[in-house]
Structures are given as structure tokens and as C-alpha cells.
Amino acid sequence: VFWAPKLWGVTLAAKAVLPLALLGVLGTVLAAFPLYIAAFLDAPGGIPSNEVAVGALLDTSYSDSAELLILLSAIGHGLVALTVLAFAGLLLKTVTNGDTSDVNPYNGHTVEWIAASPAPAHNFDHVPTLASAEPQFDLTYEGTRA
């Protein structure tokens, strides 16, 4: 989302991205956290080291609580996949909409925000000489007093 202006020349709307980000966080937590709990309930997992471990890994007769946790984790993975697809759709819609972004929509201070958006293949016509770590800040506020 942050690099969309430099990569595609568009700024993604925060009101559309924030719900997707929250859905992605929820999906990530739901995908991972139940499996941590299931591991403490002796649900099989990991890299099997012998035939017995392989058999335990392939056996699907878990306890009821472990089955619920594994189902919750699968739902979390589904939410993450849904988030990725929705983000791809939002990005495609925004890119094809034709609205272009400012060169520096987030008021970044580093050198990459000096280049045009989207950045051309060569970025700069000549290699810029930098006098500080924040050259865009220096260009923007040159001659002003703090």
C-alpha cells in the first residue's frame, strides 16, 4: 500500500485498505494461534522423525478440542486468502480507474520520493548527490526556519 504510488502511480484509499488490513490481521491470528494451543493438546505436527510420527501425522482422529482448533486455523487461512484476493481486486480497480497519485503523497523525506511516480525504469536522469539522509526534506524546507 505504501509503495503503490511509486510502483503503479496510484494511492490506495485508506478507508478501503484499513478493513482489509484488519481482516488480514484477524486471519493471521486465527490461522496461527489455535495451532499453538493444539500443539499443547498433543495434536500432531512438525517434521516426522520416524514411521510412528508419520502415522500420527496422517491420522485424522483428533480430540474434539483439537479438531475445533484445527478448524479455526483453517478458517483463518481462508480469511488470509480472501484478504489477498480482495486486495488484488482493490489494487486492480484503483490502477484501472486512472486516478494518478502525487509524486510524494506521504511527504516522505528520503531520496526515492524525489523521483516521479510511478518511478521510471532509470529513476533519475543523473545520479543525485545527497548532502543528508533526508534530501526531500532539505528540498522542501530549504530556507525555512524551524
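FYI, side chains are in, hydrogens and waters are out, and symmetry mates aren't considered; it's all heavy atoms of this structure.
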Original post:
Should Phe137 and Thr110 count as side-chain neighbours, where that means a heavy-atom distance under 4.5 Å?
Top reply: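 Side chain of Phe137 against side chain of Thr110, heavy atoms only: no contact under 4.5 Å found.
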Which pair of non-hydrogen atoms, one from [X] and one from [Y], has the smallest distance, and what is that distance?
X      : Y      : answer
Asn104 : Asn107 : OD1-N, 3.2 Å
Thr11  : Ser101 : OG1-OG, 2.9 Å
Gly76  : Leu30  : CA-CB, 3.8 Å
Pro118 : Leu7   : CB-O, 3.8 Å
Val1   : Tyr106 : O-OH, 3.6 Å
Pro34  : Val29  : CD-O, 3.6 Å

Single-linkage hydrophobic cluster, 4.5 Å side-chain cutoff, [X] and [Y] together:
X     : Y     : value
Leu26 : Leu68 : yes
Trp3  : Leu20 : yes
Leu71 : Leu79 : yes
Leu22 : Ile75 : no
Val95 : Phe87 : yes

Subject >> Working for side-chain contact (heavy atoms from CB on, under 4.5 Å), residues Thr28 and Val80 >> reply: CA-CA 6 Å; Thr28 302; Val80 170; 3.9 Å; yes
Original post:
Please walk me through it: do Leu90 and Val17 pass side-chain contact (heavy atoms from CB on, under 4.5 Å)?
Top reply: CA-CA 8 Å; Leu90 175 66; Val17 171; 3.8 Å; yes
Original post:
Got a second to check how far Ile37's CD1 is from Leu69's CG, nearest 0.5 Å?
Top reply: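 The CG atom of Leu69 is 5.5 Å from CD1 of Ile37, to the nearest 0.5 Å.
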Original post:
Just wondering, more than 12 heavy atoms not from Phe33 lying within 6.0 Å of its CZ?
Top reply: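 For Phe33, atom CZ is not crowded (no more than 12 foreign heavy atoms under 6.0 Å).
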**OP:** Determine, stepwise, if the pair Lys6 / Val103 fulfils side-chain contact (heavy atoms from CB on, under 4.5 Å).
**Re:** CA-CA 8 Å; Lys6 288 295 163 196; Val103 172; 4.2 Å; yes
Subject >> Aromatic plane relationship, Phe2 with Trp113 - under 30° parallel, 30 to 60° tilted, over 60° perpendicular >> reply: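 If you compare the ring of Trp113 with that of Phe2, the planes turn out perpendicular.
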